[in-house]
Amino acid sequence: MSTERHYEREFVRTFFTSPTAVKGEEDSAKMIRSASGLRGMQAPDVWVPDNEDATAPNMRDEGAENIVEVVAENGADFPGEIHPRIVWHRDSPATRYQGFQRMLKIADPEGGAVEHIDGFVVPEVGDIDDWKKADEFITIIENEHGLEEGSLSMSVIIESGEAELAMGDLREEMGKPSNNLERLFLLVDGEVDYTKDMRAMTPTGELPPWPELRHNTSRGASAAGLIAVDGPYDDIRDVEGYRERMVDNRAKGMTGIWSLTPGQVVEANTSPLPPEEGSWLIEVGGEDVELEPDDDRQVYEGDAIGLEEDGDEYVLRVGSDERRLDEDELREELLDMTSYVPSMDDIVDSMEEFEAAKEAGRGAIAMTQATTLVIDGVEVEVSNDRMWDEATYQAAQTPITLFQDVYEHRPDQHEELAEMYSEDVVERAMQVGN
Amino acid sequence: MSTERHYEREFVRTFFTSPTAVKGEEDSAKMIRSASGLRGMQAPDVWVPDNEDATAPNMRDEGAENIVEVVAENGADFPGEIHPRIVWHRDSPATRYQGFQRMLKIADPEGGAVEHIDGFVVPEVGDIDDWKKADEFITIIENEHGLEEGSLSMSVIIESGEAELAMGDLREEMGKPSNNLERLFLLVDGEVDYTKDMRAMTPTGELPPWPELRHNTSRGASAAGLIAVDGPYDDIRDVEGYRERMVDNRAKGMTGIWSLTPGQVVEANTSPLPPEEGSWLIEVGGEDVELEPDDDRQVYEGDAIGLEEDGDEYVLRVGSDERRLDEDELREELLDMTSYVPSMDDIVDSMEEFEAAKEAGRGAIAMTQATTLVIDGVEVEVSNDRMWDEATYQAAQTPITLFQDVYEHRPDQHEELAEMYSEDVVERAMQVGN
Amino acid sequence: MSTERHYEREFVRTFFTSPTAVKGEEDSAKMIRSASGLRGMQAPDVWVPDNEDATAPNMRDEGAENIVEVVAENGADFPGEIHPRIVWHRDSPATRYQGFQRMLKIADPEGGAVEHIDGFVVPEVGDIDDWKKADEFITIIENEHGLEEGSLSMSVIIESGEAELAMGDLREEMGKPSNNLERLFLLVDGEVDYTKDMRAMTPTGELPPWPELRHNTSRGASAAGLIAVDGPYDDIRDVEGYRERMVDNRAKGMTGIWSLTPGQVVEANTSPLPPEEGSWLIEVGGEDVELEPDDDRQVYEGDAIGLEEDGDEYVLRVGSDERRLDEDELREELLDMTSYVPSMDDIVDSMEEFEAAKEAGRGAIAMTQATTLVIDGVEVEVSNDRMWDEATYQAAQTPITLFQDVYEHRPDQHEELAEMYSEDVVERAMQVGN
């Protein structure tokens with residue numbers, strides 16, 4: 001038996017939480033009512049009516065009722081999955097029992113919501129035995145309400161050292177006959193509470209980056225056939241920072257991220273998809289700067305790199321360091337400094353080319369990427385070969401598989417995707433690799 | 001049952017080792033005798049008469065006797081806890097038996113030391129079954145000497161891959177009826193021997209940074225209710241490097257560090273406490289530089305950033321890169337480049353403000369930090385909002401909880417703390433969050 | 001019982017794969033025939049006739065025959081160990097059965113190859129129970145062919161989250177009577193397939209660096225007495241990048257690396273050995289730059305650091321930041337910026353010096369490294385003391401132990417090593433530490 005994913009959607013880009021009951025509003029369900037109307041790029045892959053931290057403790061009973069009402073009314077038309085978060089705590093049986101009672105109410109078929117609810121999000125879990133308690137409650141709820149056993153999924157927030165360690169045992173525990181942990185769906189990092197639980201501190205009060213936690217979550221998801229999602233990014237105005245975090249997450253195999261606003265949802269729905277246009281980067285002082293395309297040329301417009309011709313030779317300045325190079329050395333040096341970010345179109349092209357080569361009996365082919373760099377008006381041709389074999393092909397396929405998964409499960413985004421990429425590229429991307 | 005800490009002190013900032021017997025001195029106990037007299041910021045939270053590596057093998061029997069003599073005499077007045085380190089090795093039964101015999105002698109009530117001894121430090125442990133051997137010896141010692149079972153704590157040095165892995169099993173093993181592993185107290189990294197055990201090499205012979213080991217130690221401590229301590233920092237003159245290491249450790253949830261000299265003890269006792277004065281930082285080339293306060297203004301005095309007004313616009317130079325920005329863009333850019341390190345006073349203020357808001361029924365409030373930046377004589381107002389909710393509040397509380405723990409357990413530091421912060425700030429810090 | 005290594009060679013620098021059958025060549029075994037003739041620095045410590053990814057699927061039966069033929073003919077004279085890689089997949093019983101059949105054929109004594117074959121490399125393993133399936137097949141093969149049980153070693157490629165987690169259980173599982181996992185030898189990271197399995201993506205398609213995977217592999221090897229090897233470095237032309245990766249690996253305790261060409265084998269055989277000549281480094285903007293030796297002086301030839309005398313003071317410029325310092329401050333600052341990379345000769349000297357001190361009853365001595373720095377023609381003496389104790393000594397010993405291991409097991413490299421270091425240094429390096 002292979003590691004199977006027990007759910008329909010293979011990728012989750014966005015995990016969007018909304019307060020379930022807001023005090024002092026005429027309609028306390030205002031926030032989830034409005035969220036339930038989101039469509040297209042503004043609508044998340046997973047929507048989380050949040051009856052835990054985002055809702056004040058004394059509003060949570062009302063919040064549970066609001067979930068039932070809004071999801072019964074609007075759930076059928078919502079384009080993403082719906083996973084309410086209830087209260088839970090590894091250290092408090094009272095909180096756990098509250099969580100059970102609210103799940104029992106939300107899942108009651110009488111309310112009409114449960115047929116649109118895909119599962120529950122359980123925060124503050126501890127070690128694996130604590131996960132089993134939540135799983136058991138859901139099993140009881142399914143049984144009480146005449147739902148199929150295992151039909152409600154369970155996602156957890158990893159916000160304690162115990163929970164981080166528990167992810168190492170999942171694969172083994174999920175097979176045991178006395179639980180239904182196969183219902184597990186998302187492993188979501190919760191860095192604010194994790195930081196508190198680890199008693200970590202930074203001088204400015206910013207959250208630590210926790211690279212090891214994110215690795216372990218991604219690995220835990222991979223080993224157990226689940227999906228890894230990163231926690232909230234507090235600084236809502238800092239779009240650039242949110243994007244950088246997502247790039248870093250994807251290099252760890254963590255494709256999804258929490259979104260706090262519809263604006264963040266748009267960013268997080270878009271960011272993992274290959275870009276419409278390819279681009280060239282040049283490394284300056286440890287950072288990659290994008291070059292300006294000008295026809296077939298790529299122009300460096302900063303001051304940190306300088307280039308001059310001097311007879312047969314070139315003088316290349318990087319920061320305050322100057323070097324005299326001949327043409328070959330210059331080309332080699334610039335090749336090392338530059339890299340190419342392929343567009344969706346480029347990736348599809350390369351995959352098709354490799355598929356054709358494979359059919360013709362060749363196991364490996366060189367893919368070439370060439371351009372003309374312009375620095376201080378001096379033009380230099382650079383060209384980069386990369387060998388593709390079966391493994392390269394399969395690794396390159398991940399963004400395409402993601403795109404295909406999105407396209408299949410989110411018809412409400414078809415129009416925006418076609419605008420982004422053109423109908424033709426979308427069609428070829430849906431064909432390749434199958 | 002929640003993850004409980006089975007010891008009085010919640011934090012340990014300092015782990016200070018002293019040789020127990022020095023050859024060729026008139027009084028071979030000279031070093032521990034002098035260490036036992038340390039008070040105030042020079043006295044560590046945990047003092048370790050070191051009868052392992054710091055004491056020559058042929059002096060260790062004498063060292064055990066010295067511990068008994070000095071601790072019996074001065075232990076009652078020592079302001080920190082006392083945890084002698086004995087010899088141990090996962091691969092050597094002879095060494096383990098020596099460790100047992102020396103613990104048996106040190107803990108003998110006849111010597112008069114054991115009533116001041118809080119526990120033992122066991123180095124070179126291996127997998128969890130090896131930890132149990134040490135635990136069992138301590139149980140036997142407690143029984144032989146009529147001490148309460150579990151009254152002596154046990155701290156271990158993590159200096160092998162096996163021990164690193166064992167930390168993942170602690171939580172589960174600590175509950176078992178056939179051991180007394182609840183006596184565990186500190187998990188201390190030992191990077192020199194760990195480097196040897198991992199057969200790691202660096203070109204200059206410096207120790208590798210081992211970020212994953214430190215994460216795993218901190219997580220292991222968090223999951224099992226223990227305290228994580230980093231290993232020794234060899235380059236005693238490099239105070240700046242020691243401080244940077246501690247900042248990095250705290251971002252991992254590791255508050256404590258080994259100290260080799262009373263000077264390092266002062267640094268390590270002070271470093272985790274919030275600063276007396278807040279300060280503004282500006283990021284230059286990946287590093288944070290502190291701005292110079294001048295009344296309410298913060299002046300950048302370096303050459304790496306330049307700023308000029310040019311009509312309605314500004315020219316901002318960072319390194320050798322220049323950009324032309326309007327006032328809003330400039331403000332946004334500078335806001336991104338700057339950050340604020342809050343003082344103890346600031347943290348207490350924010351916590352009090354949030355507590356008041358919570359009492360008034362509000363779950364989240366914005367905290368504003370504003371200043372006037374001065375670069376090349378050009379003044380720019382910047383102002384930074386951060387949302388605080390219950391989770392932010394609790395995460396921000398860690399340094400205050402640490403301060404309160406220190407204040408409670410270290411009366412000998414009250415005077416120095418009052419001088420540092422003023423009586424008023426100390427008093428408010430002791431009140432907030434309770 | 002201590003953690004023992006169950007194999008003769010303690011270190012493996014190089015893991016070199018060759019395709020076992022190439023289509024369209026007169027001699028389909030051409031590649032492995034040529035690889036079997038490698039000697040000296042071009043010959044790897046472990047040679048892997050690769051009957052998996054490097055060989056087209058429809059050529060693998062022929063590949064298995066080629067292995068038998070070539071190894072029977074040339075195996076006796078090959079200076080490294082020989083470990084063919086066969087097909088395997090945690091998710092495919094068909095692939096696993098193919099792997100079994102091919103190992104059965106290759107190990108058949110009739111073919112005459114098995115007496116020169118040290119073990120098999122098993123790719124794409126999953127959790128520990130999957131490793132046991134491969135181990136059991138090898139046990140059956142040993143029994144069928146009248147070979148001693150456990151005589152064939154088994155190395156695995158870590159290229160899934162499951163396999164990464166399995167490394168945490170090895171130590172415990174290897175002792176169980178129902179398996180022969182003591183036959184384990186190498187833990188080899190396979191980052192291309194791991195990236196695919198983790199569904200990770202980078203903008204340029206480059207492999208993520210996976211620092212946590214490499215740490216966990218190195219730790220798993222350390223805890224179970226095995227050897228850790230990093231995966232292939234695709235960009236064959238990028239020698240500098242390959243070297244940097246090896247430096248980074250060694251700081252993690254991972255000494256070995258995959259090699260794709262004899263050129264990479266030479267680099268990877270040489271890189272972990274201490275350098276012939278010591279060198280001084282100076283840190284500029286986060287990177288270490290090598291100084292130019294000129295007699296006993298070390299000259300900085302770049303533009304990023306400037307130094308001027310001005311009366312009793314000095315003006316030190318680093319990048320665009322200038323500081324005015326007195327002589328002591330300057331010396332301190334430059335000491336912080338510089339470091340020394342010891343040569344083999346230096347390491348042997350220091351070890352001998354420490355051994356002499358130890359014999360004279362001293363446990364710790366200061367080792368001094370001094371030189372004259374020259375920046376913009378201004379000369380400054382700097383001198384660095386480092387304390388050596390038993391632990392420092394043992395950690396410093398790793399490169400020497402590596403050298404001794406290489407020298408013992410690779411007589412075919414003696415000549416090249418003597419040329420590199422001189423006979424005298426080689427002789428002293430073989431003596432020290434024993």
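Quantities reported herein were computed from a predicted structural model and do not represent experimental measurements. Order of the sequence lines sets the chain letters (A, B, ...), proteins ahead of strands, with each chain counted from 1.
- Residues of residues 48-56 of chain C placed with any heavy atom under 4.5 Å of a heavy atom in chain A are absent; none qualify.
- In this structure, the portion of A/Thr255 lying under 4.5 Å from any heavy atom of chain C is its side chain and not its backbone.
- Counting non-hydrogen atoms of neighbouring residues, nucleotides and ligands closer than 6.0 angstrom, the CD atom of A/Glu277 reaches no more than 12 such neighbours.
- Around CE of C/Met31, the count of heavy atoms belonging to other residues, nucleotides or ligands within 6.0 Å does not exceed 12.
- In this structure the side chain of C/Glu164 reaches within 4.5 angstrom of the side chain of A/His215, judged on heavy atoms.
- Around the NZ atom of C/Lys133, the shell of radius 6.0 Å holds more than 12 heavy atoms that belong to other residues, nucleotides or ligands.
- The shortest distance between side-chain heavy atoms of C/Asp127 and A/Arg171 falls below 4.5 Å.
- Using a 4.5 Å cut-off between heavy atoms, C/Ser160 does not touch chain A at all.
- Within a 6.0 Å radius of CD in C/Glu172, other residues, nucleotides and ligands contribute 12 heavy atoms or fewer.
- Residues of residues 334-353 of chain A lying under 4.5 angstrom from chain C, judged on non-hydrogen atoms, are A/Leu335, A/Ser339, A/Tyr340, A/Val341, A/Pro342 in numerical order.
- A distance-only check finds a donor-acceptor pair linking the side chain of A/Ser222 to the backbone of C/Asp197 [under 3.5 Å].
- A 4.5 Å side-chain heavy-atom check between C/Glu212 and A/Arg214 finds every atom pair outside the cut-off.
- Residue A/Pro274 does not touch chain C at all, counting heavy-atom pairs closer than 4.5 Å.
- Only the backbone of A/Thr392 comes within contact range of chain C, judged by heavy atoms closer than 4.5 Å.
- Across every non-hydrogen atom of C/Met201 and A/Leu402, the tightest pair is CE-CD2, 3.9 Å.
- C/Glu308 CD: 12 or fewer foreign heavy atoms inside a 6.0 Å radius.
- Counting non-hydrogen atoms of other residues, nucleotides and ligands closer than 6.0 Å to CD of C/Glu25 gives a total above 12.
- Heavy-atom neighbours of A/Glu332 CD from other residues, nucleotides or ligands within 6.0 Å: at or below the threshold of 12.
- Heavy atoms of C/Asn216 lying under 4.5 Å from chain A belong exclusively to its side chain.
- The environment of A/Glu287 atom CD is sparse: at most 12 non-hydrogen atoms of other residues, nucleotides or ligands sit within 6.0 angstrom.
- Using a 4.5 Å cut-off between heavy atoms, A/Gln394 contacts chain C through both its backbone and its side chain.
- Contacts of A/Glu322 with chain C are made by both backbone and side-chain atoms, with heavy-atom separations under 4.5 Å.
- The shortest non-hydrogen separation linking A/Ala223 to C/Gly161 is CB-C, 4.0 Å.
- C/Ala200 and A/Ala251 get closest at one heavy-atom pair: CB-O, 3.8 Å.
- How far CZ of C/Arg199 is from CZ of A/Arg250: 13.5 Å, rounded to the nearest 0.5 Å.
- Residue A/Ala396: no heavy atom, backbone or side chain, is found under 4.5 Å from chain C.
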